[in-house]
Number of protein chains: 2
Amino acid sequence: MTDVLGATTRRREATRQKLLDAAAQLFAEEGLDAASVEAICERAGFTRGAFYSNFETKDELFLELCGRVARARVAAVRGRVAALEGDAQFPPLTADPLAIVRQILEVTADDRLGILLMSEIRINALRNPQLGAAYLAQDAELSEGVTQIVTDVAQAAGLKFRIPPAEAARLMLTVWESEATRGVMSGAEDAELSRRTSEGLARVAQLIIEPPLA
Amino acid sequence: MTDVLGATTRRREATRQKLLDAAAQLFAEEGLDAASVEAICERAGFTRGAFYSNFETKDELFLELCGRVARARVAAVRGRVAALEGDAQFPPLTADPLAIVRQILEVTADDRLGILLMSEIRINALRNPQLGAAYLAQDAELSEGVTQIVTDVAQAAGLKFRIPPAEAARLMLTVWESEATRGVMSGAEDAELSRRTSEGLARVAQLIIEPPLA
DNA sequence: GTCTATAAGTGGATAGAC
DNA sequence: GTCTATCCACTTATAGAC
């Protein structure tokens with residue numbers, strides 16, 4: 001007990017975080033199975049001893065990582081919702097009212113590695129019921145957040161939708177992921193990736209929004 | 001040269017097919033890495049010797065499998081298109097004009113294992129440029145086929161779309177995959193899986209089709 | 001808390017008998 | 001064509017030194 005104030009605990013948490021970050025990169029690049037504990041430790045700047053001092057197994061680390069990623073995404077969306085409802089005045093609602101939805105979806109994983117990590121998590125969630133349930137839960141929460149935003153924007157801008165807001169949100173999430181995936185596959189740089197998802201979402205928005213009786 | 005007529009060649013092809021089938025199952029269940037050559041051989045009823053007599057490596061088998069799956073999907077869609085354009089008379093175009101699109105999308109991978117295999121192929125395509133290019137090519141061909149069908153149906157039923165047929169087809173493919181994935185994740189049986197994708201596509205159809213001036 | 005060393009097991013792949 | 005036997009690289013995980 002040389003440490004009364006939890007300094008070692010802070011160090012420990014920093015080590016955990018570095019290991020998690022390194023693991024996230026490697027899981028994205030090579031997949032859960034192909035990424036060895038050795039490689040994770042090497043990238044994080046530790047040896048295996050440190051790893052097994054912090055995590056029981058590689059699977060436990062992966063579970064922890066999934067949780068953190070999910071919480072981060074949900075928190076990002078929640079933050080946007082709160083900011084939106086705090087402001088009486090919205091950002092400019094011009095020709096592209098759903099621009100704000102785009103920004104939200106871009107918050108979390110709008111780069112090559114982020115997409116890959118999400119895909120890796122997803123396929124593991126398909127095989128592992130425990131992970132699957134967690135995945136669906138965070139997906140539902142995300143969807144709910146986006147629904148909230150979509151509803152707010154619609155009301156503020158005086159837009160009418162051709163489908164319920166929840167379906168609209170779901171559709172936007174789906175299209176975003178689809179475009180992002182095909183973008184990564186075609187070797188698009190992060191900038192072009194962003195452009196492609198944007199255009200995809202704009203098309204959906206156009207389809208969803210009831211045209212004004214011009 | 002005891003074989004002049006290619007009987008051994010046929011046997012060989014049968015062996016290859018069994019190995020490919022067993023591998024497809026295991027890749028779907030456990031993923032490319034986790035599925036050992038040993039396990040593949042065991043399920044196919046051979047030993048490793050037979051495997052390495054037919055394939056250079058596990059990766060080569062996977063590539064071959066990807067090709068076969070892609071060709072099968074494209075062929076299924078092409079077959080539908082041909083059948084559709086051969087008939088002057090369409091199947092009943094009642095309340096649900098895009099039911100036929102549903103049937104097409106269900107042709108190829110409408111069960112748990114099929115979805116999993118597709119997902120496994122997809123994530124590998126995200127990491128391997130060669131696979132990625134092949135994946136995008138088959139995806140484009142598939143999309144083109146569905147576009148063709150959508151166009152045919154629209155013309156025959158006198159429907160107007162709110163977006164170009166190609167975008168409509170893309171959207172249906174995307175929504176189908178999304179629903180199927182979440183269905184598998186929530187542990188849905190094959191029957192319910194089919195129901196969920198159906199409903200998803202019906203919603204998209206409703207959104208896409210220009211409502212008649214009632 | 002982190003290191004080294006190592007145990008115990010599994011993987012892909014090859015050689016040669018049948 | 002398929003089998004058995006085997007090699008070797010590499011993996012996870014543990015034990016114990018520092």
Side-chain angles (χ1 to χ4, degrees), chain A residues 1-27 29-66 120 124 127-128, chain B residues 1-66 120 124 127-128 131:
Chain A
M1 288 287 188
T2 41
D3 170 42
V4 196
L5 288 170
T8 63
T9 304
R10 247 208 295 271
R11 265 185 75 83
R12 195 172 172 77
E13 178 54 36
T15 302
R16 280 178 76 89
Q17 189 59 52
K18 277 182 198 159
L19 285 167
L20 282 163
D21 288 345
Q25 286 177 28
L26 281 161
F27 291 158
E29 291 167 9
E30 314 177 348
L32 175 57
D33 287 333
S36 70
V37 174
E38 169 83 40
I40 293 168
C41 295
E42 188 183 357
R43 183 165 302 191
F46 300 102
T47 55
R48 280 197 291 273
F51 183 97
Y52 286 106
S53 164
N54 280 279
F55 301 96
E56 289 254 323
T57 64
K58 186 167 67 166
D59 279 352
E60 197 217 272
L61 178 145
F62 185 67
L63 205 63
E64 168 78 19
L65 181 63
C66 291
E120 183 64 23
N124 281 280
R127 298 201 179 102
N128 176 337
Chain B
M1 290 287 188
T2 42
D3 169 42
V4 197
L5 288 169
T8 64
T9 303
R10 246 208 298 269
R11 265 184 74 84
R12 195 173 172 77
E13 178 54 37
T15 300
R16 280 178 76 91
Q17 189 59 51
K18 279 182 197 159
L19 284 167
L20 283 162
D21 288 345
Q25 286 177 26
L26 282 162
F27 291 159
E29 291 168 9
E30 316 177 348
L32 176 58
D33 287 333
S36 69
V37 174
E38 170 82 43
I40 293 169
C41 294
E42 188 182 358
R43 184 164 299 194
F46 300 103
T47 55
R48 268 180 278 181
F51 183 97
Y52 286 105
S53 164
N54 280 281
F55 302 95
E56 289 254 322
T57 65
K58 186 166 70 165
D59 279 352
E60 195 216 275
L61 176 144
F62 185 66
L63 204 64
E64 169 77 19
L65 181 64
C66 291
E120 184 64 25
N124 281 280
R127 298 202 179 102
N128 176 337
L131 261 177

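Keep in mind it's a predicted model, so treat the numbers as computed, not measured. As a basis for the values below, the full set of heavy atoms in this structure was taken, side chains included, without hydrogen atoms, waters or symmetry mates. Reminder, nothing fancy here: chain letters follow the sequence lines and each chain counts from 1.
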At 4.0 Å (heavy atoms only), tell me whether A/Ala35 reaches a base, stays on the sugar-phosphate, or touches nothing. sugar-phosphate
Taking the side chain of B/Tyr52 as heavy atoms from C-beta outward, which of C/dA13, D/dA13, C/dT2 is closest to it? C/dA13
Got a second to check how far A/Glu64's CD is from A/Glu56's CD, nearest 0.5 Å? 13.0 Å
Nearest whole Å is fine: how far is D/dT2 P from B/Arg16 CZ? 11 Å
Value in whole Å for how far the P atom of C/dG9 lies from CD of A/Glu38: 21 Å
Could you work out which one of C/dG12, D/dT12, C/dA13 sits closest to the side chain of B/Ser36? C/dG12
Between P of D/dT12 and CD of A/Glu60, the distance in whole Å: 15 Å
Nearest-angstrom distance from the residue atom CG of B/Asp33 to P of C/dT10: 17 Å
Quick one: CG on B/Asn124 to CG on B/Leu32, what's the gap to the nearest 0.5 Å? 5.0 Å
May I ask you to decide whether B/Glu38 forms a salt bridge with B/Arg48, counting only side-chain N to carboxylate O separations under 4.0 Å? yes
With nearest nucleotides of DNA chain D determined for A/Leu32 and B/Thr15 from heavy-atom distances, which residue corresponds to the more 5′ nucleotide? B/Thr15
Between C/dT10 atom P and B/Glu42 atom CD, what is the distance in whole Å? 13 Å
Mapping A/Ala34 and B/Thr47 to their closest nucleotides on DNA chain D, which lands nearer the 5' end? B/Thr47
Using a cut-off of strictly less than 4.0 Å, decide whether B/Arg11 has a side-chain nitrogen or oxygen near OP1 or OP2 of D/dG1. no
Grab the CZ-P distance between B/Phe55 and C/dG12 for me, whole Å please. 15 Å
No-hydrogen, no-angle side-chain donor-acceptor test under 3.5 Å, B/Gln17 and B/Asp21: yes
With a cut-off of 6.0 Å (strictly less than), are more than 12 heavy atoms of other residues, nucleotides or ligands near CD of B/Glu60? yes
Among C/dC3, D/dC3, D/dT12, the one nearest any side-chain atom of A/Phe46 is C/dC3
Nearest-Å distance for atom pair CZ/C1', residues B/Phe62 and C/dG12: 17 Å
Per A/Lys58 side chain, nearest of listed nucleotides D/dT12, C/dT2, D/dC3: D/dT12
Return yes if the base of D/dT2 and the side-chain atoms of B/Arg48 contain a donor-acceptor N/O pair under 3.5 Å, otherwise no. no
Output the rounded distance in Å from CZ (A/Phe51) to C1' (D/dT11). 12 Å
